[in-house]
Each structure stands twice: as C-alpha cells, then as structure tokens.
There are 2 protein chains.
Amino acid sequence: MTEAVTRPTLEAVAARAGVSRATVSRVVNGGDGVRERLVERVRQAVDELGYVPNQAARSLVTRRHDAVAVVIAEPETRVFADPFFALQLRGISKELTAHDSQLVLLLTEGRDDHARVGRYLAGGHVDGALVFSLHLDDALPGLIRHAGVPTVFGGRPGWSDGTHRAVYVDSDNRGGARTAVRHLVGLGRTRIAHITGALDQTSAVDRLDGFRDVMADADPRLIVEGDFSPAGGERAMRELLDRCPDLDGVFAANDITAAGALRVLRERGRRVPDDVAVIGFDDMLPVAEQTDPPLTTIRQDIEEMGRLMARLLLRRLDRRNADGEGEQAPDAGDDTAGVVLPTTLVRRASA
Amino acid sequence: MTEAVTRPTLEAVAARAGVSRATVSRVVNGGDGVRERLVERVRQAVDELGYVPNQAARSLVTRRHDAVAVVIAEPETRVFADPFFALQLRGISKELTAHDSQLVLLLTEGRDDHARVGRYLAGGHVDGALVFSLHLDDALPGLIRHAGVPTVFGGRPGWSDGTHRAVYVDSDNRGGARTAVRHLVGLGRTRIAHITGALDQTSAVDRLDGFRDVMADADPRLIVEGDFSPAGGERAMRELLDRCPDLDGVFAANDITAAGALRVLRERGRRVPDDVAVIGFDDMLPVAEQTDPPLTTIRQDIEEMGRLMARLLLRRLDRRNADGEGEQAPDAGDDTAGVVLPTTLVRRASA
DNA sequence: GTGAAAGCGCTAACAA
DNA sequence: TTGTTAGCGCTTTCAC
C-alpha cells in the first residue's frame, strides 16, 4: 500500500534511460529527430515507471491546456426535459477525446453565473470554448469576447452584442420549418397553425420565419408563442383550438412542444392525423417515437452538431498554434462565420 | 485590439503595488496576516491589471487542481432517453461551483474508453472523481482504485472488484420498491408483476429485491427482465400479458419503462388504473407527468444525489489536505461507506 | 542528434 | 508582518 506517493518525473525517466531530460521530452512529445535506439530505450523506461507527464508543468511552459470549456447557459427548463444537451455533449466529447483534449463543463444557473464563467474563460484555463443556448439578451457573448478565448457557438448567436462575426454551428432551422409546413400543405391542410419556441432564441425565430415563408398570408391567430416546453405546447394548443377550431394542421417548434399539443388534441377529441396533422422539430427519439401517434418531425443531427463544433474549434486552435504564435490579431482572416447543417423530414404517423 | 497578449503575472501586480510577490500571493489567497493597508493596495493593483492567477503555475507547486472528474460510463442507451444524468450533473455542478472547483466531464463509449479514463485519472489532473453507472462487470472500479484518486460513486457499485469498501451515494432503491409494491397491494391488487431494470446494475437488483420483500411468494412468471428503456418496457409488458392475462398491477423499475408498459396496456385495451394499476420509479418529471394517465411513481431526488456526491468528495479532499499531507494511507479510517437517500411515493393517476 | 541551462508563474519555507 | 529564495516538472533555445 506504499502507493506511488511521488509520481515519476521526466528526470526519473531520463535517469533510468540514461539520457537527458530533453531527450525524454522529445520522445514523449512525438520523438522526432531522436535516434530510434534511444526512442526505444526511453519508451521502455516510461512504461516501466508508469510515467505520465505533469500537465500543469507542461501548460506552464507551453501555455496550452489541452482542455476546452463547454458552457451551457440555460437558465432553467429545457436542459432537463430534453436529451438535447446530452447528445451534443456526446458529440463534443467524442471529438475532443480523439484530439486528446479535455472537456470542462460550465453550467450556468442565471445571470450571476455569467460573471463567473467570464472570469474562468479569461483566466486562461482552457484553450477554447464551446458555448450553447444563448438568449437574445445574453451578456455572455460580450464577456466571452472580452475574455479573448477562441469560441464556437452552438446555434446562431443573437447578435445582441453588435455585428461582430462569430463562428457557430447551427441547424437549418428556417429550411427545416419550410419543409415541415410544406409537408402539411402537401397533405392538403389549409388551416395550418404554428406553435413557436421561445422567441428569445434564434432557433425559434428562424423556425417561425420558415413557417411564414410558406404561409405568407397566414391568419395571424394561427401563430401562438410557446417556449419549447410540453406545458407551453399544451397551453398554446388550447389557445389555438379556442381561437381557430377549424385548424387542420399544427407545426410545433420542437418535439416536446408537439407532444404537449398532441395531448390537448386528444383531450379535445381531435383525431391525429385525421382531423389535425401535427409535425414537430428535432426528431428527439425518446419523445418522437413514444408519442401517440408517433410524431412526424424534422430531424437534425444533434450529435453531429456537437462534433462539428468541437472540430471547428480544434482546427482554429491548431492553426493558431502553428502560426505566428499569437503575433496576429486573434483569428484575423477567419472567414468561417457559420456552418449550417441540413435537416430532413422524418415521417411517422402524426402527419 | 492590442489585446493583453501577455497576461499580468504576480510579479507585475507586486511591482504596481510596491510589494513583494509573496505578499501579493498571500493577498490573492485570502490575505491573512497582511496589514490591511497593503491588502488594499494589492487588491487595487489586481483590479487595475485584471490579474488572474495562472492555475498551471499554482498547481505545479500546490499539487492541487481545483478540478474534479465526473465519469459517466454508460455504454449506450440510457443516458439519452432519460434526464437522469443531466440532473445529477446539475447538482454536482452547483456544489463544485460553490467550492470553486471545476468539473471535467469524462464520457465513455465502451470498454476501450475505460483505459483512457484510467490513464487520465492516474495522470493526476484532477483532485478527485465522481463515477456513475457502473455495471457489474465493469473494469472501471479496478482502474480507479489503481489510479489512487479519491472517488465517490453514484449508485452502489457492483463489487466485482472484491470486498473493498467504496464511498457512494445511492437512493433507497429497495425501500422505495417496497413502498411501490405495498401501494399496489393497498389498492387491493393481488396479481402484481414486476418489470426489472438492467440487472447488471445494483439499482435494478435492489428494486427487484424490494419487490420480492413484499411479494415473497409471487408467481415467478410475474417477473420479467427489462433494461430501463421504453422498448424494454413494451417488450416486457407484452410478455407479461401473454403469460398472465389476469395481472392487475405492475411495478416498473423506472418511469420510462412504465411509459412503455402503459402504451402496451392501452394497445391491448386494458384500462389504467381500473384494470391494471401501474407504478414507476424515479419521478422523472418530463416522463411521469406526460404519460397517459400520469404516472404514480417513487420519487428520488436526483439532483440532491449529485450534490451530495460532490459534497462528500470535497469534504474528503479538504480533510486530506488539512491532514498530514499524504503521509497517511489514503483515506484510512474513512468510515463513510455509503449514504442512502430516502425515496417517497408520488401519487398520480396510474395507481 | 543530444545535452545543458534557462525559465514558465506560482507557493512556501525561512529570514529579516 | 514582509521579503528573499528555492524549487514544482516541464519545454525549448542554444551549444556541442
């Protein structure tokens, strides 16, 4: 039980291999320009001693951390009703792992936490940041720019901070919404309603815009604001049925909203899809496959979004690292403003 | 745009405040034993320069990282069907934040990843680890013990690694299961079935034991193995109805399993709760409140579990830090083996 | 191709 | 109370 109270250092490995610390360092970091024989010897010493580099010491000199912060700034609700973030995290995690980078998770609980996050990012603990779920009035983008950390956003940011270009990955929310509504139209529906998401998020706004693209002259009473939650979906659906009992189609801003709507429709005796066709957005499997009837929806590849965000960030970091080492204005000439991922229609029974 | 290309160091602050680095260090770390006037001056210099301590340099000497790893080792399914982990993470995050510790998230995708996690933990990058969802045959506990990192487990570990005591936080799965089954009994049900969880997890085993505690002489055909998934719930429910058409109560190992069971019951024309009373476990709100009918279930406070795990770990770390600084065998005399959180019955419409 | 030596920014004895 | 000093373990010129 006399556990390795002191972990082996470069020094120890060097001694054992009969070389200098510099050589061990070279081998540990790829081993270029070291004679094959020595590489062997060092590798063996590393194994025998169970040497693992001390990341703190390394960071101190390289100023790299091999760590990326993931900031999820969701005041409350959505995160936990929806496997959304779990999926993104999984995608991100896979990509970071493949790149030997660590994932530092920063969950914020409200405005107060933003300052803490800003401080952390400014503190130079991580090489970059992946930031989610900004709301239009969010202070975070400003803090983040101020922190000067390379950042990729999940979802198009709300630009509350001016016109600065930001790197982001988003789904084709507007195009997907158009597909959804056109599908309802193709089904012969004419009184098509839309339950929006939380309109302080660009995804909700974009989906609404997509709806309007197709239903340019829609009865305004057919649009009701929701908030991406099941309860919001229920409330909105009731309101819609009261206002427009003749509606025959509903495009809900996401699947859990649609699930809420379905319950109200059943409760009110409307058959789906016979009386009212319903379509969601996300294709969140545990939701969409479990509703009654199963939900027709617009699929977006959440995990891939996460992956791509990570990939984009890591590429920037690598480039920056290869370049003039900070001589440049950060990311000057970076023209990758946003990447938009396609969406597809998934037909099930509800529309 | 001439951003602070070099962040201010202790040295810079010291110069500006006209004191030594040591004094600045003292102030930054609490400021005990420094004259008030100097504290003031240093604080001001810190603010003016926007000084943030370099964590790498600090770790290098203190050997502390103010970071904790959270390991979620869930091969596939469950993580993303269930807001379970999101809630735990939130609880953990809150507690760590309050303690100025960072959360490093390690998601594993299968056996291969275990080695990576083991290496990371052994690498001394974090002060401790919080580990979830071990399966009975999991290699992780062994790797973790070998890594020698203080660890708290989420859920009672499966002891595949012998009889070593481990610190863990768990829900009262067995007691909760008893409560559930007794509730069905109290409703006058006599043919009560159980759909188990994945029996390679102790939570599923404990819930099954609880079921048996009450239904000691149950017809063995009334117990069917599930896997904590909706699909598993559906399959199990079909099997149960085929085997025992006369059943009048079902205790499902978790809410999403119960949701699957409810669908099959409806499909087969059984009324709930009139013909068959159904009770779940977890009280996962987005699931339990949204089923038809809403689910009676056993509530466990997931977020609190996360919080408590973090608190336990941090307490151990603090203690270790205060003590003889590693002179002791790690955690000798730590008698906190497991903490079991109570569960409560939540009545809705299904039972 | 390899080694010697100079720090990276900080904390913690130890002196003063 | 405050300052001086010696590293923490590593990478990285710069000689050899």
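We name chains A, B, ... by the order of the sequence lines, and we start the count at 1 in each one.
The side chain of A:Ser20 places no N or O atom within less than 4.0 Å of a non-bridging phosphate oxygen (OP1 or OP2) of C:dT2. Close to D:dC8, at under 4.0 Å from its OP1 or OP2, lies no side-chain N or O of A:Asn54. The side chain of A:Thr9 places no N or O atom within less than 4.0 Å of a non-bridging phosphate oxygen (OP1 or OP2) of D:dG9. A sub-4.0 Å separation between OP1 or OP2 of D:dG9 and a side-chain N or O of B:Arg63 is present. A:Thr23 has no side-chain polar atom (N or O) that falls below the 4.0 Å cut-off from OP1 or OP2 of C:dT2.
Here the C1' atom of nucleotide C:dT11 and the CD atom of B:Gln55 are 12 Å apart, to the nearest Å. Rounded to whole Å, the distance from CD on B:Glu11 to P on D:dG3 is 13 Å. If you measure from atom CZ of A:Arg64 to atom P of D:dC10, you get 16 Å, rounded to the nearest angstrom. A:His125 places its NE2 atom 20 Å from the P atom of C:dC8, with the value rounded to the nearest Å. Atoms NE2 (B:His65) and P (D:dG9) sit 11 Å apart, rounded to a whole Å. One interatomic measurement links the two molecules: CZ of B:Arg58 to C1' of C:dA12, which rounds to 13 Å at whole-angstrom precision.
Take the nearest nucleotide of DNA chain D for A:Arg26 and for B:Arg26: the residue whose nucleotide is more 5' is B:Arg26.
Across A:Pro150 and A:Leu313, no two heavy atoms sit closer than the pair O-CD1, 3.6 Å.
With distances taken from any side-chain atom of B:Arg35 to the nucleotides C:dC10, D:dT1, D:dC10, the minimum falls on D:dT1. Side-chain proximity of A:Pro53 to D:dT13, C:dC10, D:dC10: nearest is D:dC10. Checking C:dA6, C:dC10, D:dT12 against every side-chain atom of A:Arg21, the shortest atom distance belongs to C:dA6. Of the candidate nucleotides C:dG3, D:dC10, C:dT11, C:dG3 has the atom lying nearest to any side-chain atom of A:Ala22. The side chain of A:Thr62 lies closest to D:dT11, out of C:dG3, D:dT11, C:dC10. Relative to the side chain of A:Leu60, the nucleotides D:dT11, C:dC8, C:dA4 differ in distance, and C:dC8 lies closest.
A salt bridge is absent between B:Arg315 and B:Asp318; no separation between the charged side-chain nitrogens and carboxylate oxygens falls under 4.0 Å.
The shortest side-chain heavy-atom distance between A:Thr9 and A:Asn54 does not fall under the 4.5 Å cut-off. Using a 4.5 Å heavy-atom cutoff, the side chains of A:Gln88 and A:Val169 are not in contact.
Note on ring orientation: taking the six-membered ring where Trp is involved, the planes of B:Phe132 and B:Phe85 are perpendicular (angle over 60°, cut-offs 30° and 60°).
At a cut-off of 3.5 angstrom, the base of D:dG9 holds no donor-acceptor pair with the side chain of A:Arg7.
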